[in-house]
Structures are given as structure tokens and as C-alpha cells.
Amino acid sequence: QVQVVESGGGLVQAGGSLRLSCAASGRTFRSYVMGWFRQAPGKEREFVASISRGGGSTSYTDSLEGRFTISRDNAKNTVYLQMNSLKPEDTAVYYCAASGGRLGLLRVADEYDYWGQGTQVTVSS
């Protein structure tokens, strides 16, 4: 079982930046595709970004590319989401997830096996 813990959420003004971190336990972090999802109140959980096992490939939902950047440090068992030019509509609970035994840059929640508890991001005007 993999333990996944997000941190770094909080309050930020529109136009500001925030960096989320996701720490995963175990010795097999490099074997997992990692992803970020978010869920706003009353809405479905949506894909944000994913990153390949070695960190060489990334995928983003079209509306976020250019503002958000996903990265990973396999030596630290950590994946990051750098969020720039934040907008009020980015307000949501952000979840980190790990997928094992699958290939590709996964974009569907059901393809992930382990999930963090979520961290709240609130962007004010």
C-alpha cells in the first residue's frame, strides 16, 4: 500500500502563485505514473496534470497548460504542481494520485490506484 500526502494548499490572491507538494511512501515511487486532479464544490473531479515515471513526459488539460507545471523528484519521492497566474475559478480541493501497472500519461481518475486526502486551494479576487 502506498501512502500519498499532499501539502501546500491555502489562500492566495488572484494572479499569484502556489506550489503544491505530494509525498509518497515506499521504495517504488519511480514505478508510478503520478497525477493531479481537482474538485470544486458541486462539480466532478477533473484531471489537471500527469507525469511519467521518469519525469520526461507530462500531460495537461488544455485550459491549464502554460499556467501550471507538474514535476517530480524521484530521489525525494515527491511530485509538485507549480500553479501560476491563479484565477478564482482554480479554487478547488486538489488531489494527488499514483498509478501502478499502467503505461501512458493517464488522465482518468479510475486509472489511479492510490490517492491523497486532498489540499484546499482558494483563490480570492
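These values consider heavy atoms only, across backbone and side chains, with no hydrogens, waters or symmetry-generated copies.
- Applying the side-chain contact (heavy atoms from CB on, under 4.5 Å) rule to Q117 yields the partners V5, E6; only residues at least two apart in sequence or on another chain are considered.
- In this structure, the side chain of R19 does not engage the main chain of Q82 through any donor-acceptor pair within 3.5 Å.
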Original post:
Does the pair S50 and Y112 meet the rule for a side-chain contact (heavy atoms from CB on, under 4.5 Å), with working shown?
Top reply: CA-CA 11 Å; S50 62; Y112 288 82; 3.5 Å; yes
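- If you chain together hydrophobic residues whose side chains sit under 4.5 Å apart, F47 and V93 fall into the same group.
- To the nearest 0.5 Å, atoms OG (S31) and CG (N74) are separated by 9.5 Å.
- Shortest non-hydrogen contact noted between L106 and S99 is CD1-OG, 3.0 Å.
- Nearest heavy-atom pair across R53 and V33 is CG-N, 4.0 Å.
- Using cut-offs of 30° and 60° for the angle between ring planes, the Y95 and W115 rings count as perpendicular.
- The two residues V2 and Y32 have their closest heavy-atom pair at CG2-OH, 3.3 Å.
- Of all the heavy atoms in T58 and Y60, the pair that sits closest is OG1-CE1, 3.4 Å.
- The salt bridge (Lys or Arg N to Asp or Glu O under 4.0 Å) contacts involving residues 104-125 comprise R102-D113, where partners must be two or more places apart or lie in separate chains.
- Under the 4.5 Å side-chain contact rule for hydrophobic residues, V121 and V48 share a cluster.
- The CG atom of L81 lies 9.5 Å from the CZ atom of R38; values are rounded to the nearest 0.5 Å.
- Atom OG of S52 sits about 12.0 Å away from atom CE of M34, to the nearest 0.5 Å.
- Looking at L20 and L18, their side chains come closer than 4.5 Å, going by heavy atoms from C-beta outward.
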**OP:** Determine, stepwise, if the pair F68 / T61 fulfils side-chain contact (heavy atoms from CB on, under 4.5 Å).
**Re:** CA-CA 10 Å; F68 291 7; T61 189; over 6 Å; no
**OP:** Could you walk me through whether C22 and V4 pass the side-chain contact (heavy atoms from CB on, under 4.5 Å) test, one step at a time?
**Re:** CA-CA 7 Å; C22 172; V4 180; 3.3 Å; yes
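- Annotation: the span from L64 atom CG to N84 atom CG amounts to 12.0 Å, rounded to 0.5 Å.
- The closest donor-acceptor contact from the side chain of T91 to the backbone of V123 lies under 3.5 Å.
- Using a distance-only test at 3.5 Å, with no hydrogens or angles considered, no donor-acceptor pair links the side chain of D90 to the main chain of A14.
- Between the side chain of S85 and the main chain of R67, no donor-acceptor pair closer than 3.5 Å is present.
- One hydrophobic cluster holds both I51 and Y114 under the rule that ILVMFWY side chains link at heavy-atom gaps under 4.5 Å.
- A pairwise comparison of heavy atoms in F37 and R45 identifies CB-CG, 3.8 Å as the closest pair.
- Taking both residues in full, the closest heavy atoms of F29 and R72 are given as O-NH2, 2.9 Å, listed atom of the first, atom of the second, then distance.
- Formation of a donor-acceptor pair under 3.5 Å by the N77 side chain with backbone atoms of A24 is found in this model.
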